[in-house]
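The structure's right below; bear with me while I get my questions together.
The basis for the numbers below is simple: all heavy atoms, side chains too, and nothing from hydrogens, waters or symmetry mates.
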There are 2 protein chains.
Amino acid sequence: MDDLGQAGGTEPGDAPVRAARIQDVARLADVSTATVSRALATPERVSPEARARVLEAIAKTGYVPNPAARTLRSQKTYMVLVVLPDLANTFFSKILRGIEETLFEAGYGMIISDLDGSPEKEAHFAAFTAAGRVDGAILLNGHLFGQSREGEGQPARIGIPLVALCEAIPSADIPHIEIDNRAAASRMTQHLAGLGHRRITYVSGPANNILERERFLGFKDGLEAAGLPFDPALVIPGDYTIESGVAAGQGLVARTTRPTAVFCTSDEMAIGLMRTLLSAGLRVPEDISVAGFDDIEFAAVAEPSLTTIHQPRRELGQAAATVLIDLLQGRPAPKQIRLETELVIRNSVAPPG
Amino acid sequence: MDDLGQAGGTEPGDAPVRAARIQDVARLADVSTATVSRALATPERVSPEARARVLEAIAKTGYVPNPAARTLRSQKTYMVLVVLPDLANTFFSKILRGIEETLFEAGYGMIISDLDGSPEKEAHFAAFTAAGRVDGAILLNGHLFGQSREGEGQPARIGIPLVALCEAIPSADIPHIEIDNRAAASRMTQHLAGLGHRRITYVSGPANNILERERFLGFKDGLEAAGLPFDPALVIPGDYTIESGVAAGQGLVARTTRPTAVFCTSDEMAIGLMRTLLSAGLRVPEDISVAGFDDIEFAAVAEPSLTTIHQPRRELGQAAATVLIDLLQGRPAPKQIRLETELVIRNSVAPPG
DNA sequence: CTGAAAGCGCTAACAC
DNA sequence: GTGTTAGCGCTTTCAG
């Protein structure tokens with residue numbers, strides 16, 4: 001590694017440092033540049049002797065192939081774009097790690113696009129992608145480039161493999177890795193109902209969000225399975241953030257008749273909501289039960305610890321990366337993968353009063 | 001955007017779709033490829049008429065310059081590598097966002113390297129960098145490539161601008177963006193002492209970590225300023241994670257004589273520690289005060305809410321990116337930037353029982 | 001202000 | 001199994 005960025009074979013002194021090129025290696029190994037290239041890409045097609053000389057020359061020169069040249073010629077970048085709505089959101093970071101490690105093992109790099117709700121950024125990354133800077137993309141944002149919301153407008157045609165992660169993209173025919181949001185939400189709802197809760201508040205995700213729609217459907221499924229009526233007045237809008245959980249909590253505190261349980265569709269909201277309830281002198285779960293969704297790191301150490309739905313975040317990331325790599329390398333890949341969730345029972349939920 | 005990835009000017013039908021190249025634009029605008037290139041890079045050196053024709057042809061063809069070709073020729077990638085020890089750590093995500101947005105505005109892309117404690121990954125990214133895939137790098141991991149710990153071995157020579165963020169790199173002569181960890185830790189310690197605490201436990205970061213060293217020095221400074229002796233028995237080792245906070249809490253619970261206050265050098269540890277204390281029936285802050293460091297999102301909604309040191313994370317990221325961009329574009333940049341921290345007083349700290 | 005032409009460093013076709 | 005050669009698409013001299 002000491003020779004990085006240094007031309008090989010010559011002066012160790014202060015001579016102008018120049019990166020070794022394939023020519024330098026070829027000369028040193030006494031073969032053609034084509035053989036050097038082959039020794040690296042398809043070693044089995046090169047004689048053992050030549051290969052050994054090439055390898056030695058590479059070690060001596062510290063040669064590292066120039067990726068721009070390689071990309072220009074082979075039309076492959078070995079880069080994958082990961083598009084996500086919010087990099088600062090805890091929920092994504094572990095998924096990202098799962099993606100990164102899988103890509104890394106397969107020799108791919110990861111470029112991150114934090115959309116941050118900006119259409120300008122989206123256009124930029126669409127152009128970026130179209131320009132061939134990446135071989136494929138993983139979309140965590142629930143829609144294709146240039147398609148602000150489902151149905152509206154034609155998605156730009158991007159000629160590279162795409163994979164949707166977490167948020168399915170309804171109109172697009174691309175592989176999709178997800179959990180069964182509807183079933184999980186139903187399960188949590190039934191858990192609450194099974195404990196005896198009859199008035200259950202639902203704190204939603206952002207309107208029009210596909211996850212939200214699934215979870216909301218699941219909430220209603222659960223209610224129905226438990227023989228409970230659905231009361232729209234019991235729904236509080238949220239957007240998965242801590243702040244919206246705090247706001248939902250404030251609304252609850254202000255009311256005279258309160259639900260006995262609150263199902264928040266993200267742990268962030270649940271933690272923010274519990275905080276507000278506690279500050280107002282209410283007890284959780286004695287006065288009011290609170291459930292979350294996601295099982296982020298902080299759910300287990302919240303006070304009280306949070307009953308929630310566990311999502312295998314790292315595995316979701318790994319699965320998405322694996323599917324994309326298969327696609328990139330021309331292997332068949334499943335159209336859909338559903339990973340199992342788990343109901344995690346902790347201390348924020350108890351039978352009513 | 002509808003034309004992305006489609007050759008321009010010809011059939012709208014099912015003809016083989018091919019991305020437009022500079023040649024296509026040149027032909028359509030009736031100029032040479034050189035003029036197209038100049039119209040994009042140095043518009044002032046092209047006649048208004050020619051420029052207009054070129055722009056029109058670009059719009060018509062949906063031309064996007066091929067970055068690989070551009071990089072190969074100009075030796076610039078417009079990509080920046082961000083090296084960090086742990087992508088899943090909450091502390092980094094907001095910093096990352098600050099970096100990303102600043103880079104984006106300047107037209108640079110971001111490639112993330114999650115080291116994850118793996119020397120193999122480190123070697124890979126060193127090669128990656130040496131291969132010229134990025135124009136510069138921001139290092140959040142406290143050491144240079146190939147330099148496992150300060151002092152040991154020669155850092156690989158990477159011929160590109162580097163910026164250290166948060167963790168200074170002692171032996172390296174590169175710009176450094178940070179907070180005054182020592183002063184901040186001293187301030188918190190004095191705050192605790194000022195409230196009347198005499199036995200203050202310190203939960204450390206990882207051994208050999210430069211942040212840890214600074215904060216530890218600050219802790220001792222604060223003790224000294226308050227006229228308190230330093231007792232090594234009051235130091236508990238940690239590593240900034242929730243788990244290590246939980247472990248530290250268990251150690252504390254098991255003791256017969258306990259400190260009246262605990263200064264955790266990360267919010268994650270503080271939250272994990274509070275959780276353990278609370279579960280054991282101890283009250284925070286009545287029985288024991290707990291302070292954190294960083295002011296992550298969850299600090300404000302922890303129960304009790306956490307007294308901590310606020311770090312301007314987004315601004316740190318922005319500052320690092322700004323310095324790097326200045327360097328990349330040949331402008332002078334400061335050798336060091338120190339951003340202000342703030343003592344945030346919430347409910348986890350009170351005078352001793 | 002503009003065009004012709006020479007590569008940037010590599011891989012893939014094609015010959016042998 | 002190996003070498004020769006022709007580009008990948010762009011920027012950048014160098015002339016004019």
| request: Figure out the CZ/P separation between B:R73 and C:dA6, and round it to whole Å. | output: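 Nearest whole value for this atom pair: 12 Å.
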| request: Under the side chain to side chain donor-acceptor pair (under 3.5 Å) rule, what do A:D24 and A:T61 come out as? Steps first, then yes or no, please. | output: CA-CA 8 Å; A:D24 302 323; A:T61 53; over 6 Å; no
| Whole-Å distance between D:dG3 C1' and A:Q23 CD? | 12 Å
| task | Could you check B:A69 against B:V46 and say which one's nearest nucleotide on DNA chain C is further toward the 5' end? | result |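 Here B:V46 is the residue nearer the 5' end.
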| For A:D30 and D:dG1, what is the distance between atoms CG and P respectively, to the nearest whole Å? | 19 Å
| request: May I ask you to say what A:P67 touches in the nucleic acid, namely base, sugar-phosphate or nothing, with a heavy-atom cut-off under 4.0 Å? | output: nothing
| field | N or O in side chain of B:S47 less than 4.0 angstrom from C:dT2 OP1/OP2 | value |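 Checking B:S47 against C:dT2: at least one side-chain N or O falls below 4.0 Å of OP1 or OP2.
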| said: Measuring to OP1 and OP2 of C:dG3, would you say a side-chain N or O of B:T35 lies under 4.0 angstrom away? | reply: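 Yes, because at least one side-chain N or O of B:T35 sits under 4.0 Å from OP1 or OP2 of C:dG3.
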| Distance, rounded to the nearest Å, where A:E49 contributes CD and D:dG1 contributes P |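 Taking atom P of D:dG1 as the reference, CD of A:E49 is at 10 Å.
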| said: Side chain of A:N66 only, heavy atoms from C-beta on: which candidate in C:dG3, D:dC10, C:dG9 is closest? | reply: C:dG9
| Given D:dT11, D:dG3, C:dG3, the nucleotide with the shortest approach to the side chain of B:S37 |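 It is D:dT11.
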| A:L72 CG to D:dG9 C1', straight-line distance once rounded to whole Å |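 Rounded to whole Å, this separation is 5 Å.
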| task | Flag the pair B:V46 / B:R38 as yes when at least one side-chain heavy-atom distance between them is below 4.5 Å, and no otherwise. | result | yes
| query | A:A68 near the nucleic acid: base, sugar-phosphate alone, or nothing, with a heavy-atom cut-off under 4.0 Å? | reply |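 Nothing, no heavy atom under 4.0 Å.
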| task | Kindly say whether, by distance alone, the side chain of B:R38 makes a donor-acceptor pair under 3.5 Å with the base of C:dG3? | result | yes
| task | Would you tell me if any nitrogen or oxygen in the side chain of B:R70 comes within less than 4.0 Å of OP1 or OP2 on D:dT11? | result |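 Result: yes.
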| query | D:dG7 P sits how many Å from B:I22 CD1, rounded? | reply |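 These atoms are roughly 19 Å apart.
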| What is the distance from CG of A:D24 to P of C:dC10, rounded to the nearest Å? | 9 Å
| query | For C:dC10, does OP1 or OP2 lie under 4.0 Å from any side-chain N or O of A:T33? | reply | no
| Hey, mind stepping through A:Q329 and A:R331 against side chain to side chain donor-acceptor pair (under 3.5 Å) and telling me if it holds? | CA-CA 6 Å; A:Q329 303 185 344; A:R331 287 188 296 269; 3.0 Å; yes
| query | Using 30° and 60° as the class limits, which term best fits the ring planes of B:Y108 and B:Y78: parallel, tilted or perpendicular? | reply | tilted
| said: Given 3.5 Å as the limit, does a donor-acceptor pair link the side chain of A:D326 with the main chain of A:A333, or not? | reply: no
| In whole angstroms, how far is the P atom of D:dG7 from the CZ atom of B:R21? |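 Checked: the CZ to P distance equals 12 Å.
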| query | Of B:Q75 and A:L40, whose nearest nucleotide on DNA chain C comes first from the 5' end? | reply | B:Q75
